[in-house]
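Structure record follows, encoded as structure tokens.
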Amino acid sequence: MTSTEFTRNTENFCYRHPDRQSFVLCQRCLRTICPECQTQAAVGVICPECLQEQQRAQTPAQRTAQRRWNRRPSRGGVVAVGGRPVVTYSIIGVTAAVFLLQLLTGNAIDQWLAFYAPWLYPSVSGVFEPWRVLTGALVHSGFWHIGLNMLALWMIGRSLEPLLGRWRFLTLYVVGALGGSVAVALLAFTTPVVGASGAIFALFGALVVIGRHIGAEVTGIMIVLGINLVIGFLPGFGISWQAHVGGLVAGALLGLIYARTRRASQRGWQIALTILLVAVLIGLLALAPVIWV
Ligand SMILES: [Zn+2]
Ligand SMILES: [Zn+2]
């Protein structure tokens, strides 16, 4: 897709704000809507026009009930925006809670969650603890480490999550964590790794593919990621540049899948290609013992 082709395709932009890029569709009319135009509905989000139609179709009793249940602040009769980055805040909350547990237990929880590739292969190590592929992203090696990662997550998530929608954003984060672990298994088999950097770099990879014109403050993000990247090359921190690269590549690929399949009619393709990407990443894990053992 060339950039002119991309900008000419109105389906990539909010139908009410043609300059705003978005991946989120109204669940009712299936037109693209930007975060400001989204209202949380029972399933997914709906656009202001559909919201009005829905409200017109309601009986006065239904309307009263709706008002009573819907305590969110309203703006000009439209219920508040569905664009709050709930997943971003939740990931930060869970990661911070795990870090607190690390401090309280004297890092005992690291022993359970950190990523160590040999422990994926019973034939190699006699140990099979596959959850580490993802849980490594929850543990960190110090205040500065979790601080930098969560700052980057917050900076990117604020713009990227409302743009992609919650599920696509969460999937991107998880696939990034997986991609980071896969790269470590392939490139640095016996290095134990902790940190969300792989997942963070996946967000960045997707952001670059999807485009910078989404209101994200890219310079600040680049600085935070740059510091992160430099630290990854210093020995002894339990962070690896391999995880950064793996996350970046996985995130860019998933961003490409999202960008190319955003029409409602392509939703099946989007899910199928996402599953394929995950399958390829898991398949690559099988190569690690072949290379290293
Ligand atoms: Zn609609
Ligand atoms: Zn809009």
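Quick caveat, the model's predicted, so the values are computed rather than measured. Every number for a ligand or one of its atoms is a count from 1 in the order of the listing.
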When you draw lines from the Zn ion (ligand 2) to SG of Cys34 and to ND1 of His17, what angle lies between them, to the nearest 10°?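 Reported to 10°, the angle equals 110°.
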Angular separation of Cys14 SG and Cys37 SG about the Zn ion (ligand 2), given to 10°: 110°
The single option from Phe128, Trp292, Phe189 that satisfies ring-ring contact (aromatic ring centres under 6.0 Å, His included) with Tyr121 is Phe189
If we ignore angles and hydrogens, is there a donor and acceptor under 3.5 Å between the side chains of Arg262 and Gln21? yes
State, to the nearest 10 degrees, the angle whose vertex is the Zn ion (ligand 1) and whose arms point to SG of Cys26 and SG of Cys50. 110°
To check you understand the geometry: which heavy-atom pair defines the closest contact between Val175 and Leu281, and what is its length? CG1-CD1, 4.0 Å
Determine, step by step, whether Phe201 and His244 satisfy the ring-ring contact (aromatic ring centres under 6.0 Å, His included) criterion, reporting the C-alpha distance in whole Å, the side-chain angles of both residues, the deciding distance to 0.1 Å, and the verdict. CA-CA 6 Å; Phe201 272 82; His244 296 159; 4.5 Å; yes
